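Working notes for the structure below.
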Amino acid sequence: MRRRPLRPARPVHLAVGLLLAAPLLGACGFDYQTDQVNAIAPGTNDRTGQVDVLGAVIVAAEPNRGVFAATLVNNSVSDPDALESFDATTEVQASPLDAPIDIDRSGAVNLFDTGGIPANGQFEPGAFVTVQLTFESGQVSIVNDVPVVLPCRQYSPEAIPELDLAVAEDSGTSEEAEGEATGRYSCDTATPIDPHAEGGEGTETGQEPVE
């Protein structure tokens, strides 16, 4: 009587190997990007303390003066906290608070909804600065690379009417003042210029050269 040859156990070995590799494929190991918190936001985040500082920006319509805003999230389930001071850094001056800003346990405060904190110093829209926040618990958050943004789009007065944005005093209606308002710090997108147009200086794209 002839015996049938035994088939190799390769499928079983493959199945066992896939089961053993599943945890590694699912989590991508330790400390990889898939394990990190996904916080997609234009502002800067700081999660080094009990209170997270999320989406931090300075909204400024002119150089050296603006409003700091962020969302403050208290991660403690047992202890409330409060923002006590907005401290001075190299680029930003200290700004006294009218009163501590209370944050309930497991709570959050959105400074965009409360008017923000006035921020003065040496900066202009497009720059990145460092701010320092001190909390009642003793936490000191040094938040680096905070963007200074124009009051446009999601930061416009229409989008955030509660934001107490400082504006320059009325300086008249001179051509120079109007040019500043509609130039470097304008929310309008510049019209592209066709460098190949006649006349040497070019014309706005889509228009005929002026003869």
Side-chain angles (χ1 to χ4, degrees), residues 22-60 65-123 125-166:
L24 296 178
L25 293 174
C28 297
F30 299 98
D31 297 328
Y32 278 77
Q33 290 300 319
T34 50
D35 295 328
Q36 304 304 315
V37 177
N38 184 12
I40 301 175
T44 296
N45 302 318
D46 180 85
R47 301 176 184 271
T48 58
Q50 172 181 305
V51 177
D52 292 339
V53 182
L54 306 179
V57 297
I58 290 179
V59 184
R65 181 165 66 165
V67 177
F68 171 80
T71 300
L72 308 178
V73 180
N74 185 3
N75 293 304
S76 174
V77 297
S78 57
D79 298 320
D81 210 333
L83 177 63
E84 288 195 329
S85 64
F86 183 80
D87 305 322
T89 63
T90 303
E91 305 98 342
V92 182
Q93 300 174 6
S95 181
L97 305 180
D98 294 334
I101 299 175
D102 295 327
I103 313 169
D104 292 335
R105 56 186 180 181
S106 300
V109 173
N110 190 343
L111 298 181
F112 291 96
D113 295 335
T114 62
I117 301 173
N120 301 316
Q122 298 295 321
F123 54 78
F128 292 85
V129 299
T130 298
V131 301
Q132 180 172 308
L133 309 175
T134 299
F135 295 88
E136 184 179 72
S137 62
Q139 173 182 333
V140 177
S141 294
I142 300 175
V143 189
N144 297 307
D145 298 324
V146 175
V148 182
V149 300
L150 288 168
C152 305
R153 301 173 181 85
Q154 69 265 40
Y155 300 113
S156 67
E158 293 79 14
I160 316 175
E162 298 84 2
L163 203 63
D164 189 13
L165 183 64

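Treat the numbers as computed from the prediction; the structure is a model and nothing was measured. Note that these values count all heavy atoms, side chains included, but never hydrogens, waters or copies made by symmetry.
Atom CG of Asp46 sits about 7.5 Å away from atom CG of Asp52, to the nearest 0.5 Å. The distance from the CG atom of Leu97 to the CD atom of Glu84 is 9.0 Å, given to the nearest 0.5 Å. If you take OG1 on Thr44 and CG on Leu54, they are separated by 10.5 Å, rounding to the nearest 0.5 Å. Atom CD of residue Glu136 and atom OG of residue Ser85 lie 11.5 Å apart, to the nearest 0.5 angstrom. In this structure, the separation between CD1 on Ile117 and CG on Asp164 is 12.0 Å, given to the nearest 0.5 Å.
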What pairs of donor and acceptor atoms, side-chain ones from residues 99-115 against any protein atom, are under 3.5 angstrom apart with sequence neighbours left out?
{"unit_1": "Ser106", "atom_1": "OG", "unit_2": "Ser76", "atom_2": "O", "d": "3.3"}
{"unit_1": "Asn110", "atom_1": "OD1", "unit_2": "Phe112", "atom_2": "N", "d": "2.9"}
{"unit_1": "Thr114", "atom_1": "OG1", "unit_2": "Leu111", "atom_2": "O", "d": "3.3"}

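Counting heavy-atom neighbours within 6.0 Å of Glu162 CD, excluding the residue itself, gives a total above 12.
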Candidate pair Val129 and Val148, rule side-chain contact (heavy atoms from CB on, under 4.5 Å), full reasoning: CA-CA 7 Å; Val129 299; Val148 182; 4.1 Å; yes
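In terms of modelled atom types and a separation under 3.5 Å, the side chain of Gln154 and the main chain of Ala159 share no donor-acceptor contact. Gln139 contributes a side-chain N or O that, together with a main-chain N or O of Val51, makes up a donor-acceptor pair within less than 3.5 Å. Side chain of Thr89 to backbone of Gln132: no donor-acceptor contact under 3.5 angstrom is found. In this structure, Asp87 contributes its side chain and Leu133 its backbone to no donor-acceptor pair below 3.5 Å. Panel note: side chain Ser95, backbone Phe86; no donor-acceptor pair is recorded below 3.5 Å.
The shortest side-chain heavy-atom distance between Val92 and Ile58 falls under the 4.5 Å cut-off.
Here the closest heavy-atom approach between residue Pro147 and residue Ala56 is recorded as CD-O, 3.5 Å.
Residue Gln50 forms a side-chain hydrogen bond (donor to acceptor under 3.5 Å, both in side chains) with just one option from Asp79, Asn75, Asn74, and that option is Asn74.
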